[in-house]
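Note that the coordinates shown come from a computational prediction; the quantities given were computed from them, not determined experimentally.
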Amino acid sequence: MTRVSLDTDSDTIRRLRDGMTRGVLSFPLTSFHDDGSLDPDGCRAHVAAQLATEPGAVFPACGTGEFFSLDEDEYRVVVTAAVEEAGGRVPVVAGVGYGWAQAARFARIAEEAGADALLVLPHYLVAAPQDGLVAQLEQLAARTRLPLIAYQRGQVTFTADSLRRIARIPGVIGLKDGHSDLDRLQRLTLAAPEGFLFFNGASTAEIQARAYATVGVPAYSSAVHAFAPEIANAFFAALRDGDHGFADKLLRDFYVPLVELRDRVPGYAVSLVKAAARLRDRPVGPVRAPLTDPSPGDLAELRALLVTGLDLVGAAP
């Protein structure tokens, strides 16, 4: 295996760093028809709508995009649509996952489709020691020319020593954190080399955006951007401009109730996002099993909450 060296001042890193300061990171939904089959036109239309609101980067086929439910042919369609719609305007970071052998297959497809980088989603099922977590990234990095962003969430948690090790792997450029353990995250940011990228990947990341920023991680992904970019962008601007009163109002009246609704049912972190997009006539379709769409009662609450959030930022439903 031949490792591919990566210039830490590469164009991809520069574009990602710039995008992280300009806007939220968009994680598009994957559109399905009512029968569960992939809807390529819907995927393309959804990504185009996301790009029109000027996110910092686009991350297709990740958790919000139901990567786990896509076969390789569908994955190619989803990533290709994102790359073509982006047209080089913002970086496209495609999700890959499972064990390194399968992740490498998805990585090749993303590379052929023209993606700029890869987000390495937590591996499948088993817990693993630190040496194994590092080896997973070593094996994948040896098999792709694309830069890698590790994602710690679920059964994947890096120590500061492991962070130093993965940062030395040619091609590994950053870490997305979904644990929200700020003590551990601060240790990781201090252990990282200069220029290593960090991302807030907490569920409904806006809730903890200010806390993450205090440990040096201001960039965050926004699931809300997938259905209400007006709200997501208004919150980002409030934080950027120091308008903490408005940020608090959005948190209190929209984001916190959304999280409380999300936490009712496993999988609602994706299902509610898709349902909210459908409420706004976005062509995203249902979720695929094992996820389930919201109940009628929860959907009614979501509709009312969406109206509240849009009204707060002066946007039309």
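A single hydrophobic cluster is seen to contain both L148 and L121, as judged by linkage of ILVMFWY side chains at heavy-atom distances under 4.5 Å, directly or through other members.
With hydrogens and angles disregarded, a donor-acceptor distance shorter than 3.5 Å links the side chain of R282 to the backbone of R280. At least one donor-acceptor pair closer than 3.5 Å links the side chain of Q136 to the backbone N or O of W100. Q50 places a side-chain N or O within donor-acceptor distance of the main-chain N or O of H225, the cut-off being under 3.5 Å. Judged purely by atom type and a 3.5 angstrom limit, T30 has no side-chain atom pairing as donor or acceptor with the backbone of E66. Of the possible polar contacts, one joining the R15 side chain to the G88 backbone as a donor-acceptor pair under 3.5 Å is found. Side-chain N or O atoms of R165 include none that pairs as donor or acceptor with a backbone N or O of Q130 at under 3.5 Å. Although no hydrogens or angles enter the test, the distance criterion places no donor-acceptor pair under 3.5 Å between the side chain of S162 and the main chain of F158. A donor-acceptor contact shorter than 3.5 Å links the side chain of S271 to the backbone of T292. Formation of a donor-acceptor pair under 3.5 Å by the Y268 side chain with backbone atoms of V259 is not found in this model. With hydrogens and angles disregarded, a donor-acceptor distance shorter than 3.5 Å links the side chain of R288 to the backbone of S69.
Contact record, L163 with A191: CD1-C, 4.1 Å, taken as the closest heavy-atom pair. A pairwise comparison of heavy atoms in T159 and R184 identifies CA-NH1, 4.2 Å as the closest pair. Across all non-hydrogen atoms, the minimal contact from A141 to P170 is CB-O, 3.6 Å. In terms of heavy-atom proximity, A232 sits nearest to V24 at O-CG1, 4.1 Å. In terms of heavy atoms, V79 sits closest to A61 at CG2-CB, 4.4 Å.
Annotation: side chain to side chain contact (heavy atoms under 4.5 Å, CB included) contacts of D243 (sequence neighbours excluded): A238, F246. Here E54 pairs with nothing under the salt bridge (charged side-chain N to carboxylate O under 4.0 Å, His left out) rule; sequence neighbours left out.
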T204/R262 under side chain to side chain donor-acceptor pair (under 3.5 Å): CA gap, chis, key distance, verdict: CA-CA 9 Å; T204 316; R262 179 202 71 197; 2.6 Å; yes
Steps toward side chain to side chain donor-acceptor pair (under 3.5 Å) verdict (D35, S37): CA-CA 6 Å; D35 64 0; S37 61; 2.7 Å; yes
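Salt-bridge formation is not detected for the pair R14/D18: no Lys NZ or Arg NE/NH1/NH2 atom is positioned less than 4.0 Å from an Asp or Glu carboxylate oxygen. In summary, R76 and E112 engage in a salt bridge, as defined by a charged side-chain N under 4.0 Å from a carboxylate O.
Note: F67 and Y98 meet the aromatic proximity criterion, with ring centroids under 6.0 Å apart. In this structure, F235 has its ring center no closer than 6.0 Å to that of F254.
You'll find the side chain of T144 reaches within 4.5 Å of the side chain of L118, heavy atoms only. Side chains of D177 and V217 form no contact here, defined as non-hydrogen atoms less than 4.5 Å apart. With contacts defined as side-chain heavy-atom distances shorter than 4.5 Å, the pair E206/L258 does not qualify. Here the side chains of L306 and F227 are in contact, with some heavy-atom distance below 4.5 Å. The closest side-chain heavy-atom distance from R252 to L312 is not below 4.5 Å. For the pair V93/F59, a side-chain contact is recorded, criterion being any heavy-atom separation below 4.5 Å from C-beta on. D181 is not listed as a side-chain neighbour of T157, based on a closest heavy-atom distance of 4.5 Å or more.
Separation of atoms CG (D116) and CG (L16) is listed at 7.5 Å; rounding is to 0.5 Å. Taking CZ from R164 and CZ from F196, the interatomic distance works out to 12.5 Å, rounded to the nearest 0.5 Å. The CG atom of L70 lies 7.0 Å from the CG atom of L38; values are rounded to the nearest 0.5 Å. Note that OG of S222 and OH of Y255 are 5.0 Å apart. Values are rounded to the nearest 0.5 Å.
Relative orientation of the Y75 and F106 rings is perpendicular, given thresholds of 30° and 60° on the angle between their planes.
Annotation: cation-pi pair K176/F199 absent, no NZ/CZ under 6.0 Å from the ring centroid and within 45° of its normal.
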